[in-house]
**Student:** 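Here it is: the structure, laid out below.
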Amino acid sequence: MSQLFEPLTLRDVTFGNRVWMSPMMQYCAPTGGPDVGTPTDWHLQHLASRAVGGAGLVMVEATAVTPDSRATAYDLGLWNERQQAALARVAALLTACGTVPGLQLNHPGRKAGSGRTWNDEHPPRPDLRRLAPSPIAFGPLPAPDELTADGIADVIGAFARAAGRAREAGFRVLELHGAHGYLIHSFLSPQANHRTDAYGGSRERRMRFALELVEAVRAQWPQELPLFFRTSATDWLAGDTEDPRPGWTVEDTAVLARELTARGVDLLDVSSGGTVPDAPIPVGPGYQVPLSARVRAATGTPTAAVGLITEPEQAEKIIAKGEADAVFLGRVLLRDPYWPRRAAGVLGAALAVPPQYTRAYSVR
Ligand SMILES: Cc1cc2nc3c(=O)[nH]c(=O)nc-3n(C[C@H](O)[C@H](O)[C@H](O)COP(=O)(O)O)c2cc1C
C-alpha cells in the first residue's frame with residue numbers, strides 16, 4: 001500500500017494524496033494597467049494541467065500583497081478586487097479539476113526588483129520599494145530601506161487583507177512565504193536583521209515579526225482551513241555548516257515551529273537558504289528532506305519536504321519513514337505535469353480520474 005497516495009486531512013480539508021505542486025512564479029502577469037498582477041491564460045493552463053495530472057494540492061505562486069512590493073513587475077498580486085475576482089476563477093478551476101487550491105502570499109523585502117529569470121527584463125518601476133528589517137543589500141541589488149514601526153504594521157495589515165481576499169476567492173490553503181531570503185525570513189536571520197528595537201537582536205525578537213504576522217493572518221483565515229508557513233529551515237551558515245557567518249539554524253526553526261503551531265499554523269513547508277547568495281548549500285537529491293525530518297521529529301508539527309524529489313520510490317520513502325507528511329514537487333512537475341499519475345502507476349496506487357477521461361482508463 002502506497003502511503004504517498006494516502007489522503008491527508010488538516011482541519012476540514014482532505015488532500016487526496018501527498019504529492020503537491022510547489023509554488024512556482026511564472027513571471028507573466030500584466031505589469032501595469034487595470035489588470036496588473038492578475039493571472040493570465042498561461043497561469044490557468046499551467047495550474048490546471050498539474051491538477052489534472054493528479055497533484056493533491058496545487059499551490060499558486062508567490063503573490064504580492066502590495067503593488068510596491070512585487071519581486072518582479074510580472075508577479076501575481078492580491079491587493080485589489082480585480083485580482084481577487086481573477087484568482088477566484090483559478091480557485092474554481094483547480095477545484096473543478098479535482099485538487100485543493102492553495103495560494104502563497106509573499107513580500108520580497110530586500111529582494112524586490114529583480115527581473116524575469118529567462119531574460120532579466122526590468123520594466124520601469126517608479127513605485128518599487130525595497131523594504132527590509134535593516135539596510136543590508138542582497139548581492140548586487142541596491143540596499144533596502146529599513147522598515148519603521150509604522151511600516152511593519154502596514155506590511156502586516158497588507159498580508160491580513162490579502163488573506164481575507166484569498167478566503168473570498170475560494171482558496172482552501174494559504175501559505176505564508178517565510179523562506180528564501182524574502183521579507184519574513186530576513187527578519188528571522190541575523191544575517192539580514194541588525195535591528196536594535198523589539199524586532200531585532202535575540203532569536204525571540206527576530207521571530208516577533210513572523211509571529212505577529214501569523215496572528216494577523218490567522219484572524220482573517222477561516223478556522224476550518226489550514227495555514228502553511230514555508231520556512232528556510234537553515235541559512236547553511238554558522239551552526240549548520242563550516243561557514244562562520246551568523247545565520248538562522250535548524251535548531252532555530254524547531255523553536256519557531258512550536259511558536260507558529262501555537263498561533264494556528266498547521267504545516268511547515270521546509271525549504272532552505274536564500275539569505276546570502278554564496279552559502280555552501282549541499283544541493284543533491286532530497287537534500288532538504290533531513291531538515292523536514294528533524295523539525296517534524298523535534299516538534300511534532302506536520303511538515304512537507306521539498307527540493308530535488310524526483311522519483312516515485314524516493315517520495316514514497318520520505319512519507320513511509322515519517323520524514324514528512326507530504327512532498328512538494330517543483331521542477332519535475334514542470335517537466336512532467338502527469339508525474340503523480342505516473343508515480344501512482346509505479347507504486348500500484350489508485351488515483352481518481354476526471355470523469356471526462358474515464359474512457360481512457362477503462363479501455364485498453
Ligand atoms: C520557476 C520557479 C519558480 C519558483 N517560484 C517560487 C515561488 O513562487 N515561491 C516559492 O516558495 N518557491 C518558488 N520556487 C522554488 C520551488 O517552489 C521549489 O521549492 C524548488 O524549485 C525546489 O524544488 P524542486 O527541486 O522540486 O524544483 C520556484 C522554483 C522555480 C523553478
Side-chain angles (χ1 to χ4, degrees), residues 4 18-29 37 39 42-43 46-47 49-50 53 55 57-65 69-78 87 90 102-109 111-112 114-120 159 162 166 171 173-186 188 210 227-234 236 267-275 281-292 303-312 314-315 318 324 326-337 339-340 343:
L4 186 64
R18 293 141 188 263
V19 183
W20 296 350
M21 180 180 175
S22 205
M24 281 179 283
M25 296 177 83
Q26 297 298 291
Y27 310 104
C28 60
W42 175 266
H43 291 96
H46 160 70
L47 296 163
S49 48
R50 276 76 202 179
L57 161 69
V58 170
M59 187 73 78
V60 173
E61 69 191 66
T63 299
V65 295
S69 71
R70 287 170 287 163
T72 78
Y74 303 94
D75 292 8
L76 291 182
L78 189 43
L87 282 165
V90 171
L103 180 108
Q104 186 189 52
L105 290 179
N106 188 34
H107 186 303
K111 288 184 158 179
S114 37
R116 274 179 158 163
T117 49
W118 59 86
N119 61 7
D120 202 31
F159 268 95
F171 287 94
V173 170
L174 188 69
E175 175 165 277
L176 298 173
H177 198 338
H180 304 167
Y182 295 124
L183 186 66
I184 300 174
H185 179 195
S186 67
L188 296 171
L227 178 64
F228 292 6
F229 187 97
R230 176 164 272 202
T231 175
S232 272
T234 171
W236 299 108
L267 178 136
L268 235 67
D269 169 5
V270 183
S271 188
S272 73
T275 308
I281 305 182
V283 177
Y287 69 105
Q288 295 174 146
V289 174
L291 305 173
S292 162
T303 63
V306 65
L308 288 177
I309 300 167
T310 56
E311 300 304 323
Q314 178 195 16
I318 291 167
V327 294
F328 271 113
L329 305 185
R331 289 161 293 180
V332 76
L333 267 188
L334 298 186
R335 294 193 290 274
D336 179 5
W339 191 101

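What's counted below: heavy atoms across the whole structure, side chains too, no hydrogens, waters or symmetry copies. Start at 1 and go down the list; that is how both ligands and their atoms are numbered.
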**Student:** Arg70 side chain to Ala73 main-chain N or O, any donor-acceptor pair under 3.5 Å?
**Tutor:**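 Between the backbone of Ala73 and the side chain of Arg70 there is a qualifying donor-acceptor contact (under 3.5 Å).
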**Student:** Of all the heavy-atom pairs spanning Met59 and Leu47, show the shortest one and how long it is.
**Tutor:**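 Smallest interatomic distance, heavy atoms only, reads O-CD2, 4.4 Å.
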**Student:** What do you reckon, does Leu308 have a nitrogen or oxygen under 3.5 Å from a nitrogen or oxygen of ligand 1?
**Tutor:** yes
**Student:** So which heavy atom on Leu103 is nearest to which on Leu105, and how close?
**Tutor:** CD2-CD2, 3.6 Å
**Student:** Side chain, backbone, both or neither: which part of Gln104 comes within less than 4.0 Å of ligand 1 when only heavy atoms are counted?
**Tutor:**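 Side chain only.
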**Student:** I'd like to check whether Pro23 has a polar contact with ligand 1, where a contact means an N/O of the residue lying under 3.5 Å from an N/O of the ligand.
**Tutor:** yes
**Student:** Please list, in number order, the atoms of ligand 1 under 4.0 Å from a heavy atom of Gly307.
**Tutor:**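 So the answer, numbered in order with elements, is 22 (C), 23 (O), 25 (O).
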**Student:** Tell me whether ligand 1 is touched by Ile309 - counting only heavy atoms on the residue side and a distance under 4.0 Å.
**Tutor:** no
**Student:** Aromatic contact between Tyr27 and Trp42, with the criterion being ring centroids under 6.0 Å apart: yes or no?
**Tutor:** no
**Student:** Measure up the His180 and His177 rings against each other and bin them: parallel (under 30°), tilted (30 to 60°), perpendicular (over 60°).
**Tutor:**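 Perpendicular, since the angle between the ring planes exceeds 60°.
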**Student:** Over all heavy atoms of both residues, which pair between His46 and Ser49 is shortest? Give the atoms and the distance, please.
**Tutor:** O-OG, 3.2 Å
**Student:** Is there a heavy atom of Val332 sitting under 4.0 angstrom from any atom of ligand 1?
**Tutor:** no
**Student:** How far is atom 21 (O) of ligand 1 from the closest protein heavy atom, and which atom is that?
**Tutor:**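 The closest heavy atom on the protein side is Arg331 NE, 3.8 Å.
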**Student:** Any protein heavy atom at under 4.0 Å, with atom 13 (C) of ligand 1 as the reference point?
**Tutor:** yes
**Student:** Identify the heavy atoms of Val270 and Ser292 that sit nearest to each other, and give their distance.
**Tutor:** CG1-N, 3.7 Å
**Student:** Do any N/O atoms on His177 end up under 3.5 angstrom from N/O atoms on ligand 1?
**Tutor:**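 Yes; the residue has a nitrogen or oxygen that sits under 3.5 Å from a nitrogen or oxygen of the ligand.
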**Student:** Tell me, which protein residue and heavy-atom name are nearest atom 29 (C) of ligand 1, and how many Å apart are they?
**Tutor:** Met24 CG, 3.8 Å
**Student:** At a 4.0 Å threshold, what atoms of ligand 1 neighbour a non-hydrogen atom of His180?
**Tutor:**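 Contacts of ligand 1 toward His180, numbered from 1: 11 (O), 12 (N).
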**Student:** Return the residue, atom name and 0.1 Å-rounded distance of the protein heavy atom closest to atom 15 (C) of ligand 1.
**Tutor:** Arg230 NH1, 4.0 Å
**Student:** Give the residue and atom name of whichever protein heavy atom lies nearest to atom 26 (O) of ligand 1, and the separation in Å to one decimal.
**Tutor:** Gly330 N, 2.8 Å
**Student:** Do Ala62 and ligand 1 have an N or O pair less than 3.5 Å apart?
**Tutor:** yes
**Student:** Quick one: pull up CG in Leu188 and CG in Leu183 and give me the separation to the nearest 0.5 Å.
**Tutor:**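 Between Leu188 CG and Leu183 CG, I get 9.5 Å after rounding to 0.5 Å.
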**Student:** Of the choices Met25, Met59, Met21, Gln288, which has the non-hydrogen atom that lies closest to atom 8 (O) of ligand 1?
**Tutor:**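 The residue whose heavy atom sits nearest atom 8 (O) of ligand 1 is Met25.
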**Student:** If only side-chain N and O atoms count, and only distance matters, is there a donor-acceptor pair under 3.5 Å linking Ser22 with Arg230?
**Tutor:**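 Yes, a side-chain donor-acceptor pair sits under 3.5 Å.
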**Student:** So which heavy atom on Ala210 is nearest to which on Ile184, and how close?
**Tutor:** CB-CG2, 3.8 Å
**Student:** Quick one: which ligand 1 atoms are inside 4.0 Å of a heavy atom on Ser22?
**Tutor:** 16 (C), 17 (O), 18 (C), 19 (O)
